[in-house]
S.K.: 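I'd like to ask some things about the structure below.
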Amino acid sequence: MDFSYIDAIHAALNDSLRDDDRVFLYGQDIGKFGGAFKATKGLQDLYPGRVLDAPISEDAMAGVAMGAALEGMRPVLEMQFADFSTIALNQIVNHAATHFYRTGVPVPMTVRLPSGGTPGSGPFHSQSLEAIYASFPGLVVVTPATVADAYQMLVESIQLEDPVIFCEHKFLYRWLKSSTLQGDGLPIGKARITRAGKHATVVTYSAMVHEAVRAAEMLYDEGGWEIEVVDLRSIKPIDTDTVIASVARTGRLLAVGEAFPWGGVTAEIVSRVAADAFHLLDAPPARLNARDTPIPYHPKLWADHRPTPQTIAASLRNLLKY
Amino acid sequence: MDFSYIDAIHAALNDSLRDDDRVFLYGQDIGKFGGAFKATKGLQDLYPGRVLDAPISEDAMAGVAMGAALEGMRPVLEMQFADFSTIALNQIVNHAATHFYRTGVPVPMTVRLPSGGTPGSGPFHSQSLEAIYASFPGLVVVTPATVADAYQMLVESIQLEDPVIFCEHKFLYRWLKSSTLQGDGLPIGKARITRAGKHATVVTYSAMVHEAVRAAEMLYDEGGWEIEVVDLRSIKPIDTDTVIASVARTGRLLAVGEAFPWGGVTAEIVSRVAADAFHLLDAPPARLNARDTPIPYHPKLWADHRPTPQTIAASLRNLLKY
Amino acid sequence: MIPLVPVTREDRIDRNDLSGVREDLPRIYLAMLRARVLEDKLSSLYKAGKIVGGVYLGRGHEAVSGSLASYLHRGIDIFAPLIRDQAGRTAFGESLMDVTRTYLGSVEGPMKGRDGNIHRGRPQEGMPAMISHLGSSVALVAGMLMARRMQGRLEGVVGATSLGDGATSTGAFHEGLNTAAVEKLPMVVLVVNNQFAYSTGNDRQFACADLVDRARGYGVAGHKVQGNDLIAVAETMKKAVSAARDGGGPQLVVADLLRLCGHGEHDDASYVPAEMRASGLARDCMQVAEGQLIDAGVFSRSQLDEMRAQAVAEVQSAVAQTQQESAPHPHHDDWRTMYHGELEE
Amino acid sequence: MIPLVPVTREDRIDRNDLSGVREDLPRIYLAMLRARVLEDKLSSLYKAGKIVGGVYLGRGHEAVSGSLASYLHRGIDIFAPLIRDQAGRTAFGESLMDVTRTYLGSVEGPMKGRDGNIHRGRPQEGMPAMISHLGSSVALVAGMLMARRMQGRLEGVVGATSLGDGATSTGAFHEGLNTAAVEKLPMVVLVVNNQFAYSTGNDRQFACADLVDRARGYGVAGHKVQGNDLIAVAETMKKAVSAARDGGGPQLVVADLLRLCGHGEHDDASYVPAEMRASGLARDCMQVAEGQLIDAGVFSRSQLDEMRAQAVAEVQSAVAQTQQESAPHPHHDDWRTMYHGELEE
Ligand SMILES: Cc1ncc(C[n+]2csc(CCOP(=O)(O)OP(=O)(O)O)c2C)c(N)n1
Ligand SMILES: Cc1ncc(C[n+]2csc(CCOP(=O)(O)OP(=O)(O)O)c2C)c(N)n1
Ligand SMILES: [Mg+2]
Ligand SMILES: [Mg+2]
């Protein structure tokens, strides 16, 4: 039997509810309906009273989760789309994220953000907001790219005492499959070398890992280039050591992300490597992001808005030429 | 007579109201009371019906401003503190900022964010959120460091057709003075060489420009080092040309910011320079930001939380040593 | 303290006297019909895979939405539609081609393929282009009206927007309506309680006896109507719009009905209980309206059939024309995000 | 549809019968007195430059805040105070040293100098540490109560929070109260209408006749009381807290009074009109309370004087002790932002 990425999330929620009485789920339409993406399907029946439908009140949802966390629960919030979490920003970044620093009392809550673009979803159902959350102190921000990571990192996130922003990619939900939920056991905070190589390093995360691997395959077929692909897995904290170790092997860095291009993960990666591993670089470290426009509705525009295997490969060719 | 930074803002609002019937001000306590920082003092009497007190509804305030802008007005919103603008994030980044792209109809609104730290202001009245706004497509984000820029850039922002996030620094309000409001006429989008130098470049903006100049003076006194200080003035767009021209002269880059350290302006600067001017760098490009914790209340902690002339000088010494 | 505007309830209206709305009914019904026919077509296009991203219909909302906008005047008033307002959009004068082009992603449409489906508008003609984040339109319309007041052109103007039962739980709805009340704006806020927000029923959305009970707490007038009863709806909307236009400040209209489709066309709405489907709320406003129009001698059955046939033909031709138009092309789009392109990064 | 909990109004209460609250008054008054004396001291410390960042007092709020918290039990209940709740904090058992240490920035305080003034709490003892963003506490308390329900320890518990007239305009207030109503939580939400939000009067904040009119729109019980009348306030709070404790769901209590100080001690409140200063709202709840206590024979004037002298002495000694304590030092602070320090950047 195959597990999809959304199956992995479902299984992680199920297992967490089963194994830990403190866990409960809160979000819009997640009860009987099972959620907009069916991540919670059937769970209300299995765990009565622990899978609760919320009103359309993202700010209050985050406040509720935080309050429940303070009282010893392990809330897992589902935002219907990452884009709607802007409404909850204050409760997340000002209330929950500052709490341990201010009071010494941790806030073990997990906020699931269905993130990233899919064709036809348009400007308000496609955003990747991981960097917004990472900018604020006090949050862990994870961005699983594989089925096993989706499972394991969600289970792990729920068990952390700190607030976690769990960015799951909608494009991977049904498309990405695996025969197992068991991964390599890497903890949150550690990056993974998804594909080993020696000519250049692509550092990326979430859905772009797969696009980067495709680009790497293209370049291998094209000229035998061996591109190393690093999957960050969590963008806060960033596993700078693994990134730099890879750059030490390849001498070339391309940071790829699906989010808007100003600031964000790719800027953080490039500036860390430039600062801490300058002497390892044989070429200027490069970035590739989405365009600096709202995410377009039309699939033809959308496909040109975000990085693709083709544009990643083109960036790599430039990098390899240097 | 001397003008302070807050006088400059007051004058810009006054002159804009005087010269353009489309301008009006909206915000909490800005009417008779003149605003928490007195930026609008007396203006309601001078321009009746055009300086309106708002309820404590930041989301609606931004929605109102956007609506008024669509109907041909030039709203200037005052957030009481930048920190409270998180509540308005959705209306700003999703509604106003996407509007021109989606519809071709511009949204000429200006949002004033009293930003940055002052001693004793604590985690919720000290934040620098410019990078959050810059991450979203469709916004201009300006960060004046001088009295003349505060005046001129606010006048200019109000006249732009696009939504502008105007980050004014509270620490400069009363402390920074100038004998004139007239500046050098640099438009939004152009950086300024605040202090010329040849041994290293500090790229920064807002209040940190003054701390960087102090650090530069220290290093000059210390060993005759000539540090060039670039004031970005606007962080979106970033005047990459001026930054790179400076690095071409000095070969060394330190990006300094008062905001939280993950991502943000300094990462964007360093990664642009590393990507586009790699060959000009004689040393790894460096960054200095605030600590990755909430902004502490106690002045002794606060002074250690953000960059100071001492820590900027220390970073520069490291850079010069390389 | 401002004197409280009384909450009026008008669930029951004397049906023998149509005089108040008789002349409005043909116009309203035509908008309803065109919307229904258009949306039926959109649904089949979606099911045939011709529309990407989702189709969200206003089936069952036609009477409320169409009536509200029928009392507004394009070029003077403002109408900020939400998800299920095709009838209102049509009544406000939205062209059929704007709809088909936006859904089918034609580059000729008002959104040029950059945005799609219901996220369209003509803001310069008084019809803002909604964003997804529910509740955002309330403050927007308030701001548009405040601008007109400052410009001295508020006289005789009404701004209207509509939201669902679920959207009343947003902070944006609250902040926006409260602001409108403070500013005493000529605004109509229509809340269509279609019993569900996606799958979530009223019992998990709010705890008040009736959403119209909120009016008093904002200091605005409240109106209540059964949303599938065209005559009652028309009378209520007429009254609310006139009250707003005549200086009565914001009007909160709460209409009860049942959404007669899924949340989107991907959703079978199987969570709607059978009793509800069998209740009076589930009566289709189109059928009710047709009965009322025939009874009152406004239209004959054959006239209705003719109108429908014509609406179908119009939709067919709009779709056919749109399908010949170009999709946007990334190399032809200028990707401009700001008016001042030179300030873009 | 859930049956509506009736809105009760109790502006007028029969003063001859104190029996309901007589035994509670000494405790409430003592909290009020301690808060007043403490805050007077904080004001002079601020004016002497010993406190940085601002001092925001609850002068005039002591009766409402102190009464509410006097009916709560520390260790069982939850009390989430806001800006002007020193009396409530004291009544709930906050130690004097927690206050002086936080204001004076002692590293021994609960916030260790990391946060200051009113932004303090003991969340593990049922008293959350407020953030500045108004309205945030409503959903927080709701979540705390929901947790207890899931844990089977909600029985007999009440969660209370307080906000100002201005804070009712936040989306957070609306979303939070609506959520509490949907969950039927044992919650008391106290809205103190002190006529101003900073400098902004009620007329620019809301348009309803009375904020208690909002209760019905949320489906919660509403209570109204004049906030400077201790006996009325005590009776109202007792009733509201008991109703919440006994399963009556959320209780919205609206208390009218006048803030008897500036927004903060930097503000002279010159915007408060003279008529308002001369009105019954401006009567100081401390004086009203003392009159009531003496009239009812609860305390004699000399007992009151003695209590005050003792409160002054306690505050003096707390301040003196705090002033000998260390300020935080950046090299000694571990700057830890997360429980899992190893996950920090
Ligand atoms: C702030 C926000 N949260 C969540 C959503 C996702 N969403 C879109 S429509 C919808 C249900 C809306 O229900 P209602 O307001 O009753 O309108 P209806 O669809 O019934 O007409 C939800 C939850 C959204 N658009 N905005
Ligand atoms: C969301 C938000 N916006 C603005 C502020 C700034 N602010 C702090 S207190 C205050 C006035 C509060 O008035 P009210 O709620 O009536 O409480 P009061 O001070 O009168 O007790 C304002 C505007 C804030 N803290 N939070
Ligand atoms: Mg609905
Ligand atoms: Mg107040």
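So that the names make sense, note that chain A is the first sequence line, chain B the second, and so on, each numbered from 1. Model, not experiment: these values are computed from the prediction.
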S.K.: Just one of A/I238, A/V141, A/L139 clears the side-chain contact (heavy atoms from CB on, under 4.5 Å) bar with B/W262, so which one?
M.R.: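 One option only clears the test, and that one is A/I238.
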
S.K.: Need one label for A/F100: side chain, backbone, both or neither, based on atoms under 4.5 Å from any heavy atom in chain B.
M.R.: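 A/F100 has no heavy atom closer than 4.5 Å to chain B.
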
S.K.: Of all heavy-atom pairs between A/F260 and B/S135, which one has the smallest distance, and what is that distance?
M.R.: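 It is CB-O, 3.3 Å.
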
S.K.: Under a 4.5 Å cutoff for heavy-atom pairs, which residue among B/A259, B/A275, B/G263, B/A134 has the most contacts with chain A?
M.R.: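 So the answer, after comparing B/A259, B/A275, B/G263, B/A134, is B/A134.
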
S.K.: In terms of heavy-atom pairs under 4.5 Å, which option from A/A131, A/A255, A/G122 contacts chain B the most?
M.R.: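 Going by pairs under 4.5 Å, I would pick A/A131.
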
S.K.: Can you find a heavy atom in the side chain of B/F136 that is under 4.5 Å from one in the side chain of A/I132?
M.R.: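 Of all side-chain heavy-atom pairs linking A/I132 with B/F136, at least one is under 4.5 Å.
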
S.K.: Would A/R102 and B/Y297 count as a side-chain contact (heavy atoms from CB on, under 4.5 Å) if you check the C-alpha gap in whole Å, the side-chain angles of each, and the deciding distance to 0.1 Å?
M.R.: CA-CA 10 Å; A/R102 295 173 61 235; B/Y297 161 74; over 6 Å; no

S.K.: Which bit of A/Q91 comes within less than 4.5 Å of chain B, counting heavy atoms only: side chain, backbone, both or neither?
M.R.: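 Neither part.
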
S.K.: Identify which part of A/P261 has an atom lying under 4.5 Å from any heavy atom of chain B, answering side chain, backbone, both or neither.
M.R.: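 Looking at A/P261, just its backbone touches chain B.
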
S.K.: Hey, is B/R287 close enough to A/D276 for a salt bridge, meaning N to O under 4.0 Å?
M.R.: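 A salt bridge is absent here (no side-chain N lies under 4.0 Å from a carboxylate O).
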
S.K.: Would you give the length of the straight line joining atom OG1 of B/T86 to atom CG of A/L89, rounded to the nearest 0.5 angstrom?
M.R.: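 Between atom OG1 of B/T86 and atom CG of A/L89 there are 6.0 Å.
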
S.K.: Could you look at A/D83 and say if it's the side chain, the backbone, both or neither that has a heavy atom under 4.5 Å from chain B?
M.R.: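 Backbone only.
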
S.K.: Shorter than 4.5 Å, heavy atoms on both sides: which option in A/A283, A/G138, A/P123, A/A286 has the most such pairs with chain B?
M.R.: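 Top option by heavy-atom pairs under 4.5 Å: A/A283.
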
S.K.: I need the residue from A/G264, A/A274, A/A97 with the largest number of non-hydrogen atom pairs under 4.5 Å to chain B.
M.R.: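 Greatest number of close heavy-atom pairs with chain B: A/A274.
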
S.K.: Roughly how far apart are A/F124 CZ and B/N94 CG, rounded to 0.5 Å?
M.R.: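 Rounded to the nearest 0.5 Å, the CZ-CG separation comes to 6.0 Å.
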
S.K.: Given a strict heavy-atom distance threshold of 4.5 Å, which part of B/Y133 is in contact with chain A: side chain, backbone, both, or neither?
M.R.: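 Nothing of B/Y133, per the 4.5 Å heavy-atom cut-off to chain A.
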
S.K.: Pick from B/V273, B/V270, B/T266: which one makes a side-chain contact (heavy atoms from CB on, under 4.5 Å) with A/S271?
M.R.: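 Passing option: B/V270.
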
S.K.: Is it the side chain or the backbone of B/A277 that comes within 4.5 Å of chain A heavy atoms, both, or neither?
M.R.: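 Answer is neither: B/A277 stays 4.5 Å or more from chain A.
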
S.K.: Side chain, backbone, both or neither: which part of A/I269 has a non-hydrogen atom closer than 4.5 Å to chain B?
M.R.: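 Nothing of A/I269, per the 4.5 Å heavy-atom cut-off to chain B.
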
S.K.: Rounded at 0.5 Å granularity, tell me how far CG in A/D292 sits from OH in B/Y101.
M.R.: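 Answer for the CG-OH pair, A/D292 versus B/Y101, is 11.0 Å.
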
